[in-house]
Amino acid sequence: MCYSGEETQREPGRENLQGFLLDVYERLYAHYGPRHWWPAESAFEVIVGAILTQQVSWRNVEKAIANLKARDSLSVEGILALPHAELGLLIRPTRYYNQKTQRLKDVCLVIREDFGGDTGLFLQQEPGALRRRLLAVRGIGKETADSILLYAAGRPVFVIDHYTHRILKRLGLAHGGESYDQLQHLFEAHLPLNAALFNEYHALLVTHGHRLCLKTGPRCPECPLSDLCAHASQAGVQPDGRQPAGTSVP
DNA sequence: GTCCAGATGT
DNA sequence: ACATCAGGAC
């Protein structure tokens, strides 16, 4: 991430883009209200949830977290103490449980070996160092690492996911070929670097992608962004949320 | 591109 | 029966 401020001077269109992004934020917030993310009782629970939620609905993650809590195993030592097969059984609702079992143990190993098992110390690292350490764990990619940076460590890092990319495409701010870093730059370069703002914004985007801006059959008539959106305004979406044949906009 | 490999809504 | 889900590795 580039926090060095080289482009706080002048970037063509910066003022307009910032205004647009803030407008989208305000509309989503007005429509959905505060999201209270991340739903967890501790920073360590955020780390576990960030790994378990990969490509899986949050519903299933809640079951797995509840299983871990019920056995008093939601801790660095608790997870490391469980045999692989037993931990896999507890988190089975989150799918890919063999891979995720190893991912949980690998993060816990880093926290124990390099930070004396102190999750707070682990998260207090300089953000760049923490991100590199997370990305060095097999099974932690950019989105998972940034979710931990933002929601567990409170760092102003914008998290990009599939919902975000889809919504940006429909708003005409992306075409589909952008990298994670490009999309992240779009937000971080054009918004104040504020962890509370990034927290709420990403949460709102996920809620919007989940409830209204669906992959197929988006519910445009109910959408607070429809007048800004290429999908609703150009394709002539009908009141039932579907489109006339042949006018599909990705 | 393929693999990983459960729960839920339609 | 079928699609989708708070991804990542290869």
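The structure presented is a predicted model; accordingly, all values stated were derived computationally and were not measured. Here is the naming used below: chain letters follow the sequence lines, and residue numbers restart at 1 for every chain. Below, each value reflects all heavy atoms present in this structure, side chains not excepted, and no hydrogens, waters or symmetry copies.
Contact check, Asn98(A) against dC4(B): no side-chain N or O comes under 4.0 Å of OP1 or OP2. Of the side-chain N and O atoms in Arg59(A), none sit less than 4.0 angstrom from OP1 or OP2 of dG6(B). Proximity of Tyr96(A) to the phosphate of dG8(C): no side-chain N or O atom is located under 4.0 Å from OP1 or OP2.
Among the protein residues, Thr216(A) comes within range of the sugar-phosphate backbone only, with heavy atoms under 4.0 Å from sugar or phosphate atoms but none that close to a base. Across all strands, His202(A) comes closer than 4.0 Å to no nucleic acid atom at all (heavy-atom distances). Contact annotation for Leu214(A): no contact, since no heavy-atom pair falls under 4.0 Å across all strands. Nucleic acid contact class of Gln99(A) (heavy atoms, under 4.0 Å, all strands): base. As judged by a 4.0 angstrom heavy-atom cut-off over every strand, Lys142(A) is placed among residues touching the sugar-phosphate backbone only.
Between the CG atom of Asp161(A) and the C1' atom of dT4(C) there is a distance of 14 Å, given to the nearest Å. Rounded to whole Å, the distance from CZ on Arg92(A) to C1' on dC4(B) is 15 Å. For the pair Gln55(A) CD and dT2(B) P, the interatomic distance rounds to 15 Å; values are reported in whole Å. Taking atom CZ on Arg211(A) and atom P on dC5(C), their separation rounds to 15 Å, with Å as the unit. Distance CZ (Arg166(A)) to C1' (dA3(C)): 12 Å, rounded to an integer number of Å. As a whole-Å value, the separation of Leu135(A) CG from dG7(C) P is 16 Å. Here the C1' atom of nucleotide dG8(C) and the CD atom of Gln102(A) are 14 Å apart, to the nearest Å. As a whole-Å value, the separation of Arg103(A) CZ from dC10(C) C1' is 12 Å.
The same atom, P, is picked in dT2(B) and in dA3(C); the two are 15 Å apart, to the nearest Å. Spacing between dG1(B) and dT4(C) at atom P, rounded to whole Å, works out to 15 Å. Rounded to a whole angstrom, the distance from the P atom of dA7(B) to that of dG8(C) is 22 Å.
For Trp38(A) and Trp58(A), the ring centers sit closer than 6.0 Å to each other. With ring centers used as reference points, Phe187(A) lies 6.0 Å or more from Phe198(A).
Not counting sequence neighbours, the partners of Asp181(A) by the salt bridge (Lys or Arg N to Asp or Glu O under 4.0 Å) test are Lys142(A).
Nearest to the side-chain atoms of Tyr97(A) among the listed nucleotides dA7(B), dA5(B), dG7(C) stands dA5(B).
Taken from CG in Asn16(A) to CG in Asp23(A), the straight-line distance is 12.0 Å, to the nearest 0.5 Å.
Under 3.5 Å, the side chain of Arg138(A) and the base of dA9(C) form no donor-acceptor pair of N or O atoms.
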Residues 90-98 of chain A side chain polar contacts: donor-acceptor under 3.5 Å, at least two apart:
| residue | atom | partner | partner atom | Å |
| --- | --- | --- | --- | --- |
| Thr94(A) | OG1 | Ile91(A) | O | 2.8 |
| Asn98(A) | OD1 | His84(A) | NE2 | 3.4 |

